[in-house]
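Owing to the predicted nature of the structure, the values given are computational and were not obtained by experimental measurement. Starting from 1, each residue takes its place in the sequence as its number.
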Amino acid sequence: LLAELELIEPEIIVVLGATAAQALLGPQVRITQERGKDLHVALAPHVFATMHPAAVLRAPGELARATSRERFFADIALVGRTAHALHGG
């Protein structure tokens, strides 16, 4: 994966879930602390970590699912705004 990232030089990377975040960003990464932030790491100019979409579905109870869904979509909207800004938006 690191070789592929080096080859394609992405402007934005979104890691979905703790497993992906820790594999790419290190074992110290916690989604609950890093979500909603544009992380400054060497992988790409803009790196975002958010929960895995399946976590939304597994959240216990309707209120927890609704909260998880809102947070997930807020994180994805941030990625969209960043992409839009990068390309003259």
What about [X] and [Y], same hydrophobic cluster or not, with Ile/Leu/Val/Met/Phe/Trp/Tyr joined at side-chain heavy-atom distances under 4.5 Å?
X	Y	answer
Leu43	Ile12	no
Leu25	Val14	no
Leu39	Val79	no
Val41	Leu2	yes
Ile13	Leu86	no

Give me the atom names and distance for the closest heavy-atom approach of [X] to [Y].
X	Y	result
Pro45	Glu11	CD-O, 3.5 Å
Pro10	Leu5	CD-O, 3.4 Å
Gly36	Leu78	O-CD2, 3.4 Å

Should [X] and [Y] count as side-chain neighbours, where that means a heavy-atom distance under 4.5 Å?
X	Y	value
Thr82	Phe48	yes
Arg30	Gln22	yes
Leu24	Val47	no

Under 6.0 Å from the CD atom of Glu4, do we count more than 12 heavy atoms belonging to anything else shown? no
Strictly below 4.0 Å, N to O, side chains only: are Arg69 and Glu62 in salt-bridge contact? yes
Interatomic distance, His52 atom NE2 to Leu57 atom CG [nearest 0.5 angstrom]: 10.0 Å
Rounded to the nearest 0.5 Å, the CZ atom of Arg71 sits from the OG1 atom of Thr32 at a distance of 9.5 Å
Would you check if the side chain of Arg35 reaches a backbone N or O of Ala49 as a donor-acceptor pair within less than 3.5 Å? no
Audit row: Leu16, Met51, side-chain contact (heavy atoms from CB on, under 4.5 Å) steps and yes/no: CA-CA 5 Å; Leu16 300 174; Met51 67 187 74; over 6 Å; no
Would you sort out whether His46 and His40 count as a side-chain contact (heavy atoms from CB on, under 4.5 Å), showing the intermediate values? CA-CA 7 Å; His46 304 278; His40 299 283; 6.0 Å; no
